[in-house]
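Written below as structure tokens is the structure these notes are about.
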Protein chains: 2
Amino acid sequence: MLDSTDRPAPDRAAPDGVAAVHRALSLLFAFREGEATLTLAEIAARTGHYKSTILRLLGTLEQARCVERQPDGSWALGPMLFRLGSLYAQARPARRHLPTALAALAEATGETASFWIRQGDDRLCLARVRSPSPIRDDLSEGALLPLPAGAGGRILSAADPRALGVVATFGERNPETAAVAAAVFGPGGALAGALGISGPRARIEARAEEFRTLVAAGAAELTRRLGGDLR
Amino acid sequence: MLDSTDRPAPDRAAPDGVAAVHRALSLLFAFREGEATLTLAEIAARTGHYKSTILRLLGTLEQARCVERQPDGSWALGPMLFRLGSLYAQARPARRHLPTALAALAEATGETASFWIRQGDDRLCLARVRSPSPIRDDLSEGALLPLPAGAGGRILSAADPRALGVVATFGERNPETAAVAAAVFGPGGALAGALGISGPRARIEARAEEFRTLVAAGAAELTRRLGGDLR
DNA sequence: AACGTCGTTCCAATAGACGGAACACCCGGT
DNA sequence: ACCGGGTGTTCCGTCTATTGGAACGACGTT
């Protein structure tokens, strides 16, 4: 007795898992860069959930300090997320070596240096050291960029990052920006992330060859520090 | 008709809210400082939940990249938490001014400078700049300390922080450590957090008066930058 | 080989989440 | 002043979705 008719439509993205948790997390993901607070109505519009449902979930998240209610009634992300995020960062072996590696690269190039890991179809900036120049690529830790674009993205989405070597892109992610990046590997030869620099296109074009060398050396050094397999 | 008998016992910690979300978050809170990964059994022991329940919740959290499954089957916190934590930090107006304020204080004193906010019965380190000295208070961003202890804790748990002025403690949080802290205020005169330094007791005792002045000046300057009310 | 411990899957029962309706509220417009 | 559209909030019956065992296979140890 095979009843193929009343299948509950597993079309796509079967949202497997605990629905209430998915909903609660979707509230957190409603917050975007540069938005300190959101109102209930905004959250409802973005997530598509009923306001009563949202309020109940927000109350739960608030108890855990994952969100904070503002005096004016609007909602903001809570400090517990910062704590959990810090615990994540500390658990990454790479994290310990990033400040020095990035500072050295930023110093040598005069551009903003950053380290990226893949996260699904995006890439996440784990750490960065800003260029000393006032004209610079002013990105933040925690920034989330679409995966394929930019030098770092090329590395993280490559089928074989080892074959790529150093990648330089000019105006790919942003017309005025250029970037140079190279892969960093961890123990066992696994891709640990992408190390690179980014800045105004003209400055990087002018010293492209020099920067390729510096980024390659920085990535190799960081790989070595992580106990990674270079070849 | 006052029936005082069958009250549903509001003893303490009435777990109001969505149970599934509470449970899921409790899994994240099972992770502690310095523990990169946990096994299912460890999480079960700490949270007291059934393994089947935990596995289902972890699966949901994994889809959202709030946890990551390691190749060996154990579990770690996920990168999405880092992103959310970064968004929280960026939303804090204080955050923008902290690096320079802390760097200046660390430079002037030679000790580790840090900034703390209250979070329930704990205090959370939002940012810190390490002392250049090899012997130093080596705390991390995201560190969570019990509220009452230490100079920063005194500030954050004071009934009237304004009355306290600069607080110095010697060996309170840790016998070998001393700290000097002062309150920072935001717009409207609300307590924004505590700014301070900490380091080996002997070094701080030797220059206590000087440090009090420096910390007070740093806190006043930071308050000014935040558009805060000083008096 | 026997045991303990681990992670994993399955499913019926029911606790508990959902979502709609109804409410109080604050503004701005007319 | 009166209304209208927009807030945020509470309440409660329905039924879905979560739970928590039991049962299983796979390791590792004794």
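Naming: A, B, ... by sequence-line order, numbering from 1 per chain.
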Could you list the residues that satisfy side chain to side chain donor-acceptor pair (under 3.5 Å) with Arg95(B), not counting sequence neighbours?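 Residues passing side chain to side chain donor-acceptor pair (under 3.5 Å) with Arg95(B): none at all.
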
Going by side chain to side chain donor-acceptor pair (under 3.5 Å), name the residues that satisfy it together with Arg154(B), two or more places apart in sequence or in a different chain.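 So Arg154(B) forms a side chain to side chain donor-acceptor pair (under 3.5 Å) with Glu172(B).
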
Would you kindly give the [atom1]-to-[atom2] distance between [X] and [N], to the nearest whole Å?
{"X": "Ile43(A)", "N": "dT9(D)", "atom1": "CD1", "atom2": "C1'", "result": "15 Å"}
{"X": "Asp72(A)", "N": "dG8(D)", "atom1": "CG", "atom2": "C1'", "result": "12 Å"}
{"X": "Arg23(B)", "N": "dA17(C)", "atom1": "CZ", "atom2": "C1'", "result": "11 Å"}
{"X": "His22(A)", "N": "dT16(D)", "atom1": "NE2", "atom2": "C1'", "result": "17 Å"}

Applying side chain to side chain donor-acceptor pair (under 3.5 Å), which residue pairs with at least one partner in residues 121-130 of chain A are found, sequence neighbours left out?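 Residue pairs passing side chain to side chain donor-acceptor pair (under 3.5 Å), neighbours aside: Arg130(A)-Asp138(A).
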
For His49(B), give me all partners under side chain to side chain contact (heavy atoms under 4.5 Å, CB included), at least two apart in sequence or on another chain.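 Applying side chain to side chain contact (heavy atoms under 4.5 Å, CB included) to His49(B) gives Arg23(B), Ser26(B), Leu27(B), Thr47(B), Ile54(B).
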
Given Watson-Crick and G-U pairs under 3.5 Å, DNA chain C in dot-bracket ([ ] crossing, | other strand) is |||||.||||||||||||||||||.|||||

Please report the interatomic distance OG(Ser198(A)) to CG(Asn174(A)), rounded to the nearest 0.5 Å.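 Here the interatomic distance stands at 10.0 Å.
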
With rounding to the nearest 0.5 Å, note down the distance linking CH2 in Trp75(A) to CZ in Arg69(A).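 With rounding to 0.5 Å, CH2 (Trp75(A)) is 4.0 Å from CZ (Arg69(A)).
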
Nearest to side-chain heavy atoms of Thr53(A), which nucleotide of dT18(D), dC18(C), dG20(D):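 My answer, after comparing the listed nucleotides, is dC18(C).
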
Could you walk me through whether Glu42(A) and Arg46(A) pass the salt bridge (charged side-chain N to carboxylate O under 4.0 Å, His left out) check? CA-CA 6 Å; Glu42(A) 287 170 328; Arg46(A) 290 193 186 177; 5.7 Å; no

Give every pair of a protein N or O atom and an N or O atom of nucleotides 5-13 of chain C that lie under 3.5 Å apart, one pair per line with the distance.
from	atom 1	to	atom 2	distance (Å)
dG7(C)	OP1	Leu40(B)	N	3.1
dG7(C)	OP2	Ala41(B)	N	3.0
dG7(C)	N7	Lys51(B)	NZ	3.0
dT8(C)	OP1	Arg69(B)	NH1	3.1
dT8(C)	OP1	Arg69(B)	NH2	3.2
dT8(C)	OP2	Arg69(B)	NH2	2.9

